[in-house]
Colleague: 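Before I ask anything, let me first share the structure, which is written out below as structure tokens.
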Protein chains: 2
Amino acid sequence: MEQEILAAAEKLFLAKGFALTSTTEIAREAGCNQALVHYYFRTKERLFQAVFEKLARLFVSTFLQIDEEDLSFEERLQKKIEAHFDIISANPALPVLFFNELSTNPQRLEEFRSRVSEIPSGIFQRLREDLEREIARGAVRPMDVFELVLTVVSLNVGLFLTAPLFKALTGITDERFQELAVRRKSENVRIVLTAVKP
Amino acid sequence: MEQEILAAAEKLFLAKGFALTSTTEIAREAGCNQALVHYYFRTKERLFQAVFEKLARLFVSTFLQIDEEDLSFEERLQKKIEAHFDIISANPALPVLFFNELSTNPQRLEEFRSRVSEIPSGIFQRLREDLEREIARGAVRPMDVFELVLTVVSLNVGLFLTAPLFKALTGITDERFQELAVRRKSENVRIVLTAVKP
DNA sequence: GCATTATTTAATTGTATTATTAAATACGCG
DNA sequence: CGCGTATTTAATAATACAATTAAATAATGC
């Protein structure tokens with residue numbers, strides 16, 4: 001049952017955020033008594049943390065993965081952008097929840113910060129090294145690793161942040177939106193690769 | 001007093017969102033009794049709508065403005081990107097509130113949709129015409145107007161969505177962040193202008 | 001100055017929600 | 001089976017909140 005509660009919580013938190021989701025609702029979705037939610041997770045806050053940590057890990061995981069494949073910088077960058085896009089595409093509500101919680105709840109930000117600091121030598125170390133090498137070679141314009149990550153995240157996240165709005169305004173079907181997303185993914189790759197050129 | 005309540009509501013809604021802000025808190029911030037909030041706005045929902053509509057209007061206003069100046073397409077595009085960036089820069093919490101509310105509240109989305117449909121001939125009509133002319137001229141790669149707007153909004157919004165995270169992780173001062181934002185604005189212009197090239 | 005309306009407050013109601021407690025049921029193992 | 005533990009439920013306490021009401025105060029026009 002614990003897993004059903006977690007799954008129900010994830011679904012509802014993603015759909016409505018922390019504040020608008022009640023433990024009663026989570027219990028109903030999971031098919032159990034409301035008290036059971038508290039039996040397993042004590043407080044709504046702790047339940048949310050469990051969900052959020054998993055999602056946050058998912059969200060940033062792409063940039064942590066070290067691909068040992070023998071690819072060029074551009075090819076590796078492309079893979080990272082696409083992997084990141086795919087994760088968000090599979091969890092389109094994730095960015096809104098992620099940014100909203102980190103923006104409106106200082107405590108959440110602090111938790112996130114302490115978790116990230118557990119990771120030694122910075123999360124973008126490998127990417128930074130790659131980038132600096134390419135810059136030294138003159139193959140990439142001088143830029144900070146954060147600049148690059150920000151561009152990628154901004155572009156990848158943008159489609160899904162605006163998706164509800166876009167769908168409501170255009171009345172696009174989910175299938176056609178999916179097609180559009182596929183095109184957008186490669187477009188994002190193109191934009192980033194063009195943007196990093198010197 | 002009505003204006004103080006509106007201002008207090010705007011401040012708190014931007015900081016904590018709709019659900020986590022109470023009318024009691026708004027009253028305290030405005031320096032009045034809680035009942036007065038309801039006297040002027042009847043419900044918390046209606047107060048929020050008043051705030052949100054103003055903010056939403058601000059957020060999309062940039063793309064509606066028709067600049068009659070005799071500038072090239074690229075120059076006009078640059079002006080629009082910069083104006084949009086400046087508005088968000090002046091209201092950094094706006095994007096989170098905007099996307100969160102439109103994503104988590106179907107009613108809000110419907111209100112927004114009906115408001116937008118009041119505007120005749122579509123909000124991006126002028127921009128679309130300009131864009132299609134440039135495409136016909138071969139000066140701009142074939143693309144939909146939504147693609148372009150999405151790219152601009154994604155890039156402009158990205159910095160401020162990630163700002164709390166970025167600040168927490170790097171401990172950057174507000175002044176240095178401001179400098180960074182200025183650079184980012186011109187960088188966004190560069191990226192977009194490069195991306196639209198054929 | 002008085003009557004009328006607008007503004008503001010204090011008090012209260014109803015309700016939703018988190019969290020706890022104690023009891024009931026299922027489950028595993030000797 | 002039967003004992004102990006884990007799981008689940010029902011009931012309820014405690015609280016925070018939106019919203020209403022009635023009364024008080026201030027402002028406005030005559």
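Below, chain A is the first sequence line, B the second, and so on; all start at residue 1.
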Colleague: Provide the full list of ring pair (Phe, Tyr, Trp, His ring centres under 6.0 Å) pairs with a residue in residues 163-198 of chain B, sequence neighbours left out, each pair given once.
Modeller: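 Residue pairs with at least one partner in residues 163-198 of chain B: A:Phe146-B:Phe166.
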Colleague: Which class fits the ring pair A:Phe59 and A:Phe98: parallel under 30°, tilted 30 to 60°, perpendicular over 60°?
Modeller: tilted
Colleague: At a cut-off of 3.5 Å, list every protein nitrogen or oxygen paired with a nitrogen or oxygen from nucleotides 24-29 of chain D, distance to 0.1 Å.
Modeller:
none

Colleague: Using the ring of B:Phe73 (Phe, Tyr or Trp, six-membered ring only), decide whether B:Arg137 places NZ or CZ under 6.0 Å from its centre and within 45 degrees of its axis.
Modeller: no
Colleague: Please tell me whether A:Phe160 and A:Phe85 form a close aromatic pair, meaning their ring centres lie under 6.0 Å apart.
Modeller: yes
Colleague: What parts of residues 16-37 of chain B reach DNA chain C, counting only heavy atoms under 4.0 Å away?
Modeller: B:Cys32, B:Asn33, B:Ala35, B:Leu36
Colleague: Does any pair with a residue in residues 150-162 of chain A pass salt bridge (charged side-chain N to carboxylate O under 4.0 Å, His left out), and if so which ones, sequence neighbours excluded?
Modeller: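 Qualifying pairs, neighbours excluded: none.
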Colleague: Does anything in residues 39-52 of chain A reach DNA chain D, meaning a heavy atom under 4.0 Å, and if so which residues?
Modeller: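 Going residue by residue through residues 39-52 of chain A, the ones with a heavy atom under 4.0 Å of DNA chain D turn out to be A:Tyr39, A:Tyr40.
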Colleague: Ignoring hydrogens and angles, state whether a donor on the side chain of A:Thr23 or A:Gln34 is under 3.5 Å from an acceptor on the partner side chain.
Modeller: yes
Colleague: Are the side chains of A:Leu155 and A:Arg184 in touch, meaning some heavy atoms are under 4.5 Å apart?
Modeller: yes
Colleague: Taking the side chain as C-beta and beyond, is there a heavy-atom pair between A:Lys197 and A:Glu74 under 4.5 Å?
Modeller: yes
Colleague: Identify the heavy atoms of B:Asn156 and B:Ile88 that sit nearest to each other, and give their distance.
Modeller: CB-CD1, 4.2 Å
Colleague: State plainly whether one hydrophobic cluster holds both A:Leu102 and A:Leu20, where clusters connect Ile, Leu, Val, Met, Phe, Trp and Tyr through side-chain heavy atoms under 4.5 angstrom apart.
Modeller: no
Colleague: Give the C-alpha distance, both sets of side-chain angles, the deciding distance and a yes or no for salt bridge (charged side-chain N to carboxylate O under 4.0 Å, His left out) between B:Glu10 and B:Lys54.
Modeller: CA-CA 10 Å; B:Glu10 179 175 321; B:Lys54 181 193 155 200; 2.7 Å; yes
Colleague: Going by heavy atoms in the side chains, are B:Leu127 and B:Arg76 under 4.5 Å from each other?
Modeller: no
Colleague: Nucleotides 13-15 of chain D: which of its N/O atoms have a protein N/O under 3.5 Å away?
Modeller:
none

Colleague: Does B:His38 have a side-chain nitrogen or oxygen under 4.0 Å from the phosphate oxygens OP1 or OP2 of D:dA19?
Modeller: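 Looking at the OP1 and OP2 atoms of D:dA19, one of them is under 4.0 Å from a side-chain N or O of B:His38.
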